[in-house]
Structure formats: structure tokens, C-alpha cells
Amino acid sequence: MLLIPILGDQLTQSLASLRGVDKSEARLLLMEVAEETTYVRHHKAKIVLILSAMRHFAEELRDNGWQVDYVRLDDPENKGSFTGEVARAVERHRPTAIRIVEAGEWRVQKAIEGWSERFGLPVDILPDDRFICPLPDFFAWAASRRELVMESFYRQQRRRTGLLIEPDDTPTGGQWNYDKDNRAPPPKARPLREPERFPPDEITREVIALVEGRFRHHFGTLESFALPVTAAEARALLADFVSERLPRFGTYQDAMLEGADFLYHSRLSTSLNCGLLTALEVCQAAEAAYHRGEVPLNAAEGLIRQMIGWREYIRGMYWLEMPGLSEVNFFANVRDLPDFYWTGATDMACCADSVRNTRDNAYAHHIQRLMVLGNFAMLAGIDPAQVADWYLVVYADAYEWVEHPNVLGMSQFADGGRLGTKPYAGSGAYINRMSNYCKGCRFDVKKRVGEDACPFNALYWDFLDRNEKKLRGNRRLWQPYATWDRFAPDTKAEVREQARRFLNSIEPAAPGWAKAVPGSPYE
Ligand code: FAD
Ligand code: DLZ
Ligand code: SF4
């Protein structure tokens, strides 16, 4: 008998560990365990999503003729960890071998690698082929490059998949990348329709009650929980995205509009990352819509680049850089995370709206994550480990493999530029160009100093000044340093003082929000 554990982000019927297996000879194991629900204090919506999707998936597996052991969080015998529960299943079933798809997170993969010795059984750990680029291919690509630029990886991926590739092996439309068409400022009006909602069914309502009890002090609200929890719902969201939002996805990819929580984004990451959808089916849907003439090329190409380019590159970088990636701190930043990341209580309209979206939906779109909240944390010199913990807690799509490289690499430049060629640092001018936030803000985006000056402005110049030794040599920062050099000494002193006063005025978050701390008020 074969024991096949399936982790909470492996909820895919075509999972490698299920292929070619005789159903009568296998026992599948899904485990709700305290270690996973609390290794960080996840947003309530993330716990509801995973547990509800696991429960629905187990039912579908049984309907398909599999024998499934399902361990619930409130089972009195529950050992609280994957290893503890696999040990119990080994006792129950005396399997001849264990078969599992590799984990998405380093700490879980290390635990699995210890199982063979621990249980005295063969453990077959299979590559996760829901990702398009096998890890050995990614490592070979990385070894052949001096700089690990995403664009060159992306072109290889286009050829590998044949997506938007013509029979003569050239890119559809003649260009690989239409990014220059994808930087429009926000539209005047909100999109006509929000993404389709999937109201909680009985299973989800039961999990919501569990989470509102056991995890009531975790961050976030559940009132608007409406995420897909089955593959069928995820496919419905994909169809809704392709017809309603994909046509404008490319053009407004970098835009922000106050109160428009999803704009023209897909909202598919939660379904993709727990396995309800595969990246390839999303890309094929976008490509087919382009060929039917329903979406422009810049939109289809833009989405495909996010999916087979960025998403896969980020995953490859995680496994290339771990375990060291967890520890990086290029700027040696030590400041505590501000309290407003948890409360949203700040006069900075851009930050307040981004935190509100995060709290209410366990979501923020890419530019809110990168150029508002990530940018602020880097400019303010926040300890990157605290920033990474916050991102891992608050987003329903967050798993370390995707969160760490995006946060520590792309957004905080804490890896010193392994992933990005320059820090994504921007002053208020960038946020003003790409959003309507500044119009309703108490700060004046045009001012650098003074009580009502936009904090991003002084912080931006102070960041460049503070980190001059580490950054001046970066050829992509030549222009901002040339501008800084033209500031009069008095102006520089005023900017430094403005930044210092603002940073001193920020309330730090109490410990205990992200990770359990004994005696914390959030327990
Ligand atoms: P869309 O804008 O509709 O994009 C479509 C899809 O492209 C996404 O669903 C996602 O699967 C993929 N994608 C786009 N950009 C990236 C990227 N940089 N990395 C990986 N996939 C990408 N994404 C996560 O899935 N989990 C995270 O924990 C996460 N943390 C992030 C932290 C920071 C600081 C930043 C800057 C980005 C982070 N991202 C993360 C990437 C991106 O912001 C989200 O994938 C996206 O906002 C999810 O919303 P969506 O599905 O509406 O995306
Ligand atoms: C995120 C999460 C949560 C909150 N709970 C569980 C759980 O109870 N059982 C489970 O199998 N998975 C859960 N997950 C997802 C896991 O953390 C994820 O599968 C691993 O981190 C991948 O290595
Ligand atoms: Fe954000 Fe500054 Fe604009 Fe206010 S003025 S919304 S703080 S960028």
C-alpha cells in the first residue's frame, strides 16, 4: 500500500503523485495541522481559503474513487504537524512506501527529506511539474548567466511553451514584450464590474466559524470572503477575468485607483498558488482570447509574461537562493515595522487604502505591494525580515517560495541586486502619476519639506543619501544621484532633517502580530 500525503497548496487533480497510481492500492492523506496554521499568524481569509479548499478537494477525490484520510484541525488525536500526522498514518496503514510531490517551502521540504530515515520507508519525492520550468533547467539557466535578468528567462519560457510564438519561431506581433504600452495612468472611472464572487457554501461557513473562534485575534476580516475554493469556481473566475478585465489588464497594469481594490487584475493568484488552477491553463485561455480577437496583444502578452516569466522566475530564484535568502539585509536596516501596516491608521492616503484592501480582502494588487507598501518600507529602512513576515501573513496568495523573492529581492533590494537590477524606490511623484491617491491626501505631493510635505519625497532622497556607498555605483541610479548632487548643502540638510523627524514620529508595531510571542496582546 502506498501512502500519498497531499499538502494544502497541492490541491490539483492532475498532481504528479496521483498519476499512474492504482486507486485500490493507495491511501491519500490530507492534514489540517496547527504548525501550518500558525508558523506565521496568517490572515483569517488565508486560513479559511486553504482549509475550505482542502475539504472540498478531499470530497472530490473521494467522488473520483480515491481512499482519503482527512485529518481535521479539531481532531483530538491531531499531532499538529505534517511529520506527526504522517507518523500516525504510517501506524494506521503500514504502507510499503510514501509518495509525495516536493513542497513549496524550504522548511517543509527539509522535513519531508527526513521522512525516509525516520519511518524506515522509501519516500519518493516527485518534482512539482505544475510549474513549467523544471528546477534543474532553471539552475542551468542561472549558471550560464552573469546577471539573472528575467527577460532572457522569459523568452526561453515562451519558446518552451510555444505561447504566442509563430510557426517560424518568432514572437507573435514581432516583439517579445509590450511593456511600454502597459504603463497608463489610472482610468477616470472604476471598472464596470468587480471580479465574480463565490459566496461561502456550508463547508466554507463551517471553516469560517472555526477560524473566527480559534484564530479570532489574527489580522484581517472575513465579511467579504468570496474566494474560489474549488477548481470549478477558479475556472469560473478565470472565464470572468478573460471576458471582463483582461482586455484592459495590460494597459492599466501599473495603475492604482482609490477604492478600486482589483482594478483590471485577475485575482487568480490564490487559486493558482493552492493548485485549483494551473499556470498553463490560464495562459492558454489568454492566448485563445487573443486569437479570437477579444483581447489586444499587449494584454495577452502582459499576462503570459507575469505567469510564465515572473512567476516561474521568482520560484526558481527562491530555490536557487535558499536558505540564505531568509537572512539577507543588504542595507543593514533595523527599524521596526510601523504599526499602521496592521491598523491602516496613517494620513498617507496611498498607504491607508493599500492596508485597507489588504485587511478586507487579503489582497493588494502588484503596484500597491511594490510601489506603495514595499517602497515605503525600503525608504524608511525597515528590517527586511519583519517586512517579509508581514507579507507572508497578510496575503491569501502568500507562500514563502513566492513571497520571499518578491519581498526580499524585488521590493526591498535586501539581496543586494541578485534579483533586480536596481531598487524599486520612488518618490511621491511616481505614486501621483500612477494613481489618484494624492488628490485626497492631507500631504502635498509636490512638497519635499514642511509639515504637509509628502513623506515619500524626503524619504526617497534620504534613502539614496543614506545608502550612497552601496548604490552610487549602480548604473541605473546615475540620474537620481546626479540630481541629488545638484541640491544645495542647505537643501540636503533640510531633506535629511525632514526624513529624520518623520521617521521618529512613526509608531512601531508591537511584537506578536506576525509571529506568536508569549504574553502578546494578540494571542
Ligand atoms: P495579476 O496582476 O492579475 O497577475 C496575474 C498573475 O501573474 C498573478 O496571479 C500571479 O500568479 C502572476 N504574477 C504576477 N507578478 C508576479 C510576481 N512578481 N511573482 C509571482 N507571480 C506573479 N504573488 C503571490 O502570488 N504571492 C505573494 O506572496 C506575493 N507577494 C508579493 C510581494 C511583493 C512585495 C510584490 C511586489 C509582489 C508580490 N506578489 C506575490 C506578486 C504579485 O503582486 C501578485 O501575484 C499579484 O498581485 C496577485 O494578484 P492577481 O492574481 O490579481 O495578479
Ligand atoms: C497555509 C496553510 C495553512 C494555513 N494550513 C495548512 C494546513 O492545515 N494543512 C496543509 O496541508 N497546508 C496548510 N497550508 C499550506 C502549507 O503551509 C503549504 O502547503 C506548505 O507551506 C508548502 O510547503
Ligand atoms: Fe501617498 Fe504622498 Fe500622494 Fe499622500 S501625497 S497619497 S503620502 S504619495
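Each ligand, and each atom within it, is numbered from 1 in the order the structure gives.
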Output yes when the distance from some N or O of ligand 2 to some N or O of [X] is under 3.5 Å, and no in every other case.
X    : result
M31  : yes
E36  : yes
Y39  : no
E105 : yes
V33  : yes

Element-labelled atoms of ligand 1 that are located less than 4.0 Å from some non-hydrogen atom of [X]:
X    : value
L303 : 5 (C)
A398 : 28 (O)
S411 : 34 (C)
E403 : 28 (O)
L370 : 36 (C)
V407 : 32 (C), 34 (C)
M307 : 6 (C), 7 (O)
I314 : 19 (N)

* Classify the contact between C441 and ligand 3 as side chain, backbone, both or neither, using a heavy-atom distance cut-off of under 4.0 Å. =>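 The side chain, only.
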* Just which atoms of ligand 3 are under 4.0 Å from any heavy atom in M348? ->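 Reading through ligand 3 atom by atom, the close ones are 7 (S).
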* Asked: Which atoms of ligand 3 have any heavy atom of F443 under 4.0 Å away?
  ->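 Those of ligand 3 that fall under 4.0 Å from F443 are 5 (S).
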* Asked: Does Q10 have a heavy atom less than 4.0 Å from any atom of ligand 2?
  ->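 For ligand 2, residue contact (heavy atoms, under 4.0 Å) with Q10 is absent.
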* Asked: Would you say F82 contacts ligand 2, with heavy atoms under 4.0 Å as the rule?
  ->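 Yes, F82 has heavy atoms under 4.0 Å from ligand 2.
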From [X] [atom1] over to [Y] [atom2], what is the distance, rounded to the nearest 0.5 angstrom?
X    : Y    : atom1 : atom2 : result
I47  : H218 : CD1   : NE2   : 5.0 Å
L51  : E36  : CG    : CD    : 11.0 Å
Y460 : R448 : OH    : CZ    : 12.0 Å

Ring-ring centroid check [X] [Y], cutoff 6.0 Å:
X    : Y    : answer
F456 : F443 : no
W342 : F219 : yes
F131 : F138 : no
Y313 : Y154 : no

Can you sort out which atoms of ligand 2 are near [X], meaning under 4.0 Å from one of its heavy atoms?
X    : result
L7   : 11 (O), 19 (O)
R107 : 17 (O), 21 (O)
H42  : 4 (C)
L51  : 8 (O)
V108 : 21 (O), 23 (O)
D9   : 18 (C), 19 (O), 22 (C)
A103 : 23 (O)

* **Side-chain touch S411/R369, heavy atoms, less than 4.5 angstrom** =>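 No, too far: nothing below the 4.5 Å cut-off.
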Give me the nearest non-hydrogen protein atom to [atom] as residue plus atom name, then the distance to 0.1 Å.
atom                    : result
atom 14 (N) of ligand 2 : I50 CG2, 3.7 Å
atom 43 (O) of ligand 1 : H366 ND1, 2.9 Å
atom 14 (C) of ligand 1 : Q306 OE1, 3.1 Å
atom 46 (C) of ligand 1 : R369 NH2, 4.2 Å
atom 27 (C) of ligand 1 : D397 OD1, 3.3 Å
atom 53 (O) of ligand 1 : S266 OG, 3.9 Å
atom 2 (O) of ligand 1  : H265 ND1, 2.6 Å
atom 23 (N) of ligand 1 : V402 CG2, 3.6 Å
atom 45 (O) of ligand 1 : S269 CB, 4.2 Å

* Asked: With backbone taken as N, CA, C and O and side chain as the heavy atoms from C-beta onward, which portion of Q109 lies under 4.0 Å from ligand 2: side chain, backbone, both, or neither?
  ->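 Answer for Q109: neither.
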Please state which part of [X] comes within less than 4.0 Å of ligand 1, counting heavy atoms only: side chain, backbone, both or neither.
X    : value
A279 : neither
N273 : side chain
M410 : side chain
F249 : side chain

* To do: Could you tell me whether ligand 1 has any atom less than 4.0 Å away from a heavy atom of P405?
  =>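 The answer is no, since P405 has no heavy atom less than 4.0 Å from ligand 1.
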* **Non-hydrogen atom of Y391 closer than 4.0 Å to ligand 1** =>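 Right, Y391 reaches ligand 1.
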Option whose closest heavy atom lies nearest to [atom], chosen from [options]:
atom                    : options                : result
atom 10 (C) of ligand 2 : G8, P5, A53            : G8
atom 52 (O) of ligand 1 : F241, Y264, W390, Y363 : Y363
atom 31 (C) of ligand 1 : N406, L408, D254       : N406

Please determine whether a side-chain nitrogen of the Lys or Arg among [X] and [Y] lies less than 4.0 Å from a carboxylate oxygen of the Asp or Glu.
X    : Y    : answer
R305 : E301 : yes
E451 : R442 : yes
E102 : R315 : yes

* **Check against side chain to side chain donor-acceptor pair (under 3.5 Å), E32 and Y70** => CA-CA 8 Å; E32 295 177 4; Y70 193 94; 2.5 Å; yes
* Mind checking whether Y391 and Y395 have parallel, tilted or perpendicular rings, split at 30° and 60°? ->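 Tilted, since the angle between the ring planes falls between 30° and 60°.
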* Regarding Y39 and E400, is there a side-chain donor-to-acceptor distance under 3.5 Å anywhere? ->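 E400 and Y39 do not have a side-chain donor-acceptor pair below 3.5 Å.
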* Between the side chains of S326 and H404, does any donor sit under 3.5 Å from an acceptor? ->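 There is such a pair (donor and acceptor under 3.5 Å, judged by atom type) between the side chains of S326 and H404.
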* **Residue C454, metal atom 2 (Fe) of ligand 3, N/O/S under 2.8 Å** =>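 Checking atom 2 (Fe) of ligand 3 against C454, an N, O or S atom does fall under 2.8 Å.
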* Asked: Hey, is atom 1 (Fe) of ligand 3 within less than 2.8 Å of some N/O/S atom on C351?
  ->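 No.
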